[in-house]
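Notes follow once the structure below has been shown.
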Amino acid sequence: MEQKNVEQYFNLINEITETIEQNESMTYLDSLVVALECAFSKMPNEELSEPTKKFVRKNIAKIQFDTLDKETIRKIIQLATLKGMRGATQQQHLITPDTVAMFMGYIVNNLVGNRKDIRIFDPAFGSGNLLTAVMNQLQTNVQAYGSEVDSTLIQLGLLNANLQKTEIELFHQDSLQPFLLEPVDFVVADLPVGYYPDDFRAQSFELCAPEGHAYAHHLFIEQSLHYTKEAGFSIFVIPNFLFDSDQSNKLHVYLQKHAHIVGLLQLPTSMFTSEKQAKSILILQKKGQAAKAPKQALIAQLPSFKDPRSTLQVVEKINKWFKEEGYNY
């Protein structure tokens, strides 16, 4: 039933979005923002042309997000966002695959343990898919924060949260600039990969480059740990070459100083078109009085998520590891 709802509502949202795109000469993603605003307010945007308003008014009545659960809404918006990002030229216009987002939520769930309240932050918020996917798996009270520099993506993320009736405080800014944010229990992020162009700002980081541009993905790790509480966790989707590139020696030294490497889970290679694009999930615990290095770090190669038997076997091993190490208290 959920899959049927996802397909049905995606087709409706997509049809409205494409109509706005064609009639109003907007990009698909900007048109999607308008379509979701209309779905949220249950009325057409006043700035639309009359023919578009007429079409939206006729079709918006068929969209009843109030009758759907959060995960169904997230998946509908994810599908539409993916369509808009297909062929997008901007590197930050990427979305965390659903299976990876769900696995990140599973890890956070294990680390939350019996805590009744947590604070969580995604400094690479994008359209909100990863953060809301993680939050939807948690059975605890969550105060959530997200940061995104791209104006279209943060609008999508805001609508994504509002339609799911999920409260997230958002920062529309460069995520490597300072925040008015107290340190959180968890950071989750799919790290943007590439160079950070603001050399002046980069100089304030320990992981600044000795010459030329620093890597944004290195600076995101440092920024995330800065806004993580002592003994809190930062969980990242990282490129597999993170520890092998130039500047990686500096990263090794930084992590030894500030964090315990709790685990490294290599994502299935079948998910990626080439070895260069392959990614892993890195789990860090910020050092502090209550932090502890694991007796043995959690290192695993995840099988194809399409192979449920092998995936279940790995999950059972990971569950056993969490229990033995005592992280899920």
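A salt bridge does not link Asp174 with Arg201: none of the charged nitrogens is closer than 4.0 Å to a carboxylate oxygen. The pair Lys292-Glu325 fails the salt-bridge criterion, with no side-chain N (NZ, NE, NH1 or NH2) lying under 4.0 Å from an Asp/Glu carboxylate O. Note on Glu206 versus Lys250: no salt bridge recorded, every NZ/NE/NH1/NH2 to OD/OE distance being 4.0 Å or above. With respect to the salt-bridge test (charged N to carboxylate O, under 4.0 angstrom), the residues Lys286 and Asp185 do not qualify. Lys83 has a carboxylate O that lies under 4.0 Å from a charged side-chain N of Glu18, or vice versa, which qualifies the two as a salt bridge.
The two residues Leu163 and Ile73 have their closest heavy-atom pair at O-CD1, 3.3 Å. What you find for Trp321 and Pro294 is that their closest heavy atoms are CZ2-CB, 4.0 Å. Across all non-hydrogen atoms, the minimal contact from Ile60 to Ala35 is CD1-O, 4.2 Å. Residue Ser175 comes nearest to Gln223 through the heavy atom pair O-NE2, 2.9 Å, listed as atom of the first residue, atom of the second, then distance. Closest heavy-atom contact between Pro123 and Phe220: O-CE2, 3.4 Å. The shortest non-hydrogen separation linking Leu219 to Ala202 is CD1-CB, 4.0 Å.
In this structure, the side chains of Ile77 and Ser127 stay at 4.5 Å or more apart for every pair of heavy atoms. Looking only at side-chain heavy atoms (C-beta outward), Ile235 and Val262 stay at 4.5 Å or farther from each other. With a 4.5 Å cut-off on side-chain heavy atoms, Gln78 and Asp98 count as touching. Side-chain atoms of Leu36 and Ile13, non-hydrogen and from C-beta on, do get closer than 4.5 Å to each other. Taking 4.5 Å as the limit, some side-chain heavy atom of Leu284 sits within range of a side-chain heavy atom of Ile221. Ser280 is listed as a side-chain neighbour of Leu264, based on a closest heavy-atom distance under 4.5 Å. Using a 4.5 Å cut-off on side-chain heavy atoms (C-beta onward), Phe236 and Leu242 make no contact. Within the 4.5 Å cutoff, side-chain heavy atoms of Tyr106 are placed close to those of Asn319.
Heavy-atom contacts from other residues, nucleotides or ligands closer than 6.0 Å to CD of Glu230 number 12 or fewer. Annotation for Gln247: atom CD counts as buried by contact number, over 12 foreign heavy atoms lying within 6.0 Å.
Judged by distance alone, the side chain of Glu37 and the main-chain N or O of Pro44 form no donor-acceptor pair under 3.5 Å. Of the possible donor and acceptor atoms, one in the side chain of Gln285 sits under 3.5 Å from a partner among the backbone N and O of Ala231. With hydrogens and angles disregarded, a donor-acceptor distance shorter than 3.5 Å links the side chain of Gln137 to the backbone of Met102. Under the 3.5 Å distance criterion, the side-chain polar atoms of Glu222 are matched with a main-chain donor or acceptor of Leu207. Not a single donor-acceptor pair under 3.5 Å links the side chain of Arg115 to the backbone N or O of Thr140.
Side-chain N/O atoms of Thr132 and Thr166 include no donor and acceptor closer than 3.5 Å. Defined by atom type and a distance below 3.5 Å, a donor-acceptor pair is missing between the side-chain atoms of Asn160 and Arg74. Judged purely by distance below 3.5 Å, without hydrogens or angles, the side chains of Thr27 and Asp30 pair a donor atom with an acceptor atom. A side-chain donor from one of Glu71 and Asn136 sits under 3.5 Å from a side-chain acceptor of the other. Donor-acceptor pairing under 3.5 Å is recorded for the side chains of Glu24 and Thr52.
One finds the NZ atom of Lys287 at 9.0 Å from the NE2 atom of His258 (value rounded to the nearest 0.5 Å). Between Asp198 atom CG and Gln203 atom CD the span is 10.0 Å, to the nearest 0.5 Å. Distance check: Met135 CE to Leu130 CG gives 11.5 Å after rounding to the nearest 0.5 Å. Separating the CD1 atom in Ile168 from the CG atom in Leu158 is a distance of 9.0 Å, to the nearest 0.5 Å. Atoms CE and SG, from Met43 and Cys38 in turn, are 9.0 Å apart once rounded to the nearest 0.5 Å. Residue Met104 holds its CE atom at 12.0 Å from OG1 of Thr99, rounded to the nearest 0.5 Å.
The side-chain contact (heavy atoms from CB on, under 4.5 Å) check on Lys62 picks up Leu12, Asn59, with sequence neighbours excluded.
Val187 and Tyr145 fall within the same hydrophobic cluster, defined by Ile, Leu, Val, Met, Phe, Trp and Tyr side-chain heavy atoms under 4.5 Å apart, directly or through other members. A single hydrophobic cluster is not seen to contain both Leu191 and Ile281; linkage of ILVMFWY side chains at heavy-atom distances under 4.5 Å, directly or through other members, places them apart. At a threshold of 4.5 Å between side-chain heavy atoms, the hydrophobic network of Ile, Leu, Val, Met, Phe, Trp and Tyr places Leu159 and Met26 in one connected group. Under a hydrophobic clustering in which Ile, Leu, Val, Met, Phe, Trp and Tyr are joined whenever their side-chain heavy atoms come within less than 4.5 Å, directly or via other members, Leu282 and Leu267 fall into different clusters. A continuous path of hydrophobic side-chain contacts links Leu82 to Ile20 [ILVMFWY only; heavy atoms under 4.5 Å].
Using cut-offs of 30° and 60° on the angle between ring planes, the pair His218 and Tyr215 is perpendicular.
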Report the C-alpha distance between Ile283 and Ile107 in whole Å, list the side-chain angles of each, state the deciding distance to 0.1 Å, and finish with yes or no for side-chain contact (heavy atoms from CB on, under 4.5 Å).
CA-CA 9 Å; Ile283 309 165; Ile107 292 166; 3.8 Å; yes
Between Lys279 and Asp190, is the side-chain contact (heavy atoms from CB on, under 4.5 Å) condition met? List the steps.
CA-CA 10 Å; Lys279 295 189 175 186; Asp190 188 342; 3.7 Å; yes
Can Ser151 and His172 be said to form a side-chain contact (heavy atoms from CB on, under 4.5 Å), step by step?
CA-CA 7 Å; Ser151 56; His172 182 200; 3.8 Å; yes
Could you walk me through whether Tyr9 and Ile63 pass the side-chain contact (heavy atoms from CB on, under 4.5 Å) check?
CA-CA 7 Å; Tyr9 276 76; Ile63 298 174; 3.8 Å; yes
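Aromatic pair Tyr196/His213: ring centres not closer than 6.0 Å. Between Phe186 and Phe121, the gap from one ring centroid to the other reaches at least 6.0 Å.
Of the options Thr17, Thr81, Asn14, a side-chain hydrogen bond (donor to acceptor under 3.5 Å, both in side chains) to Tyr28 is made by Asn14 and by none of the others.
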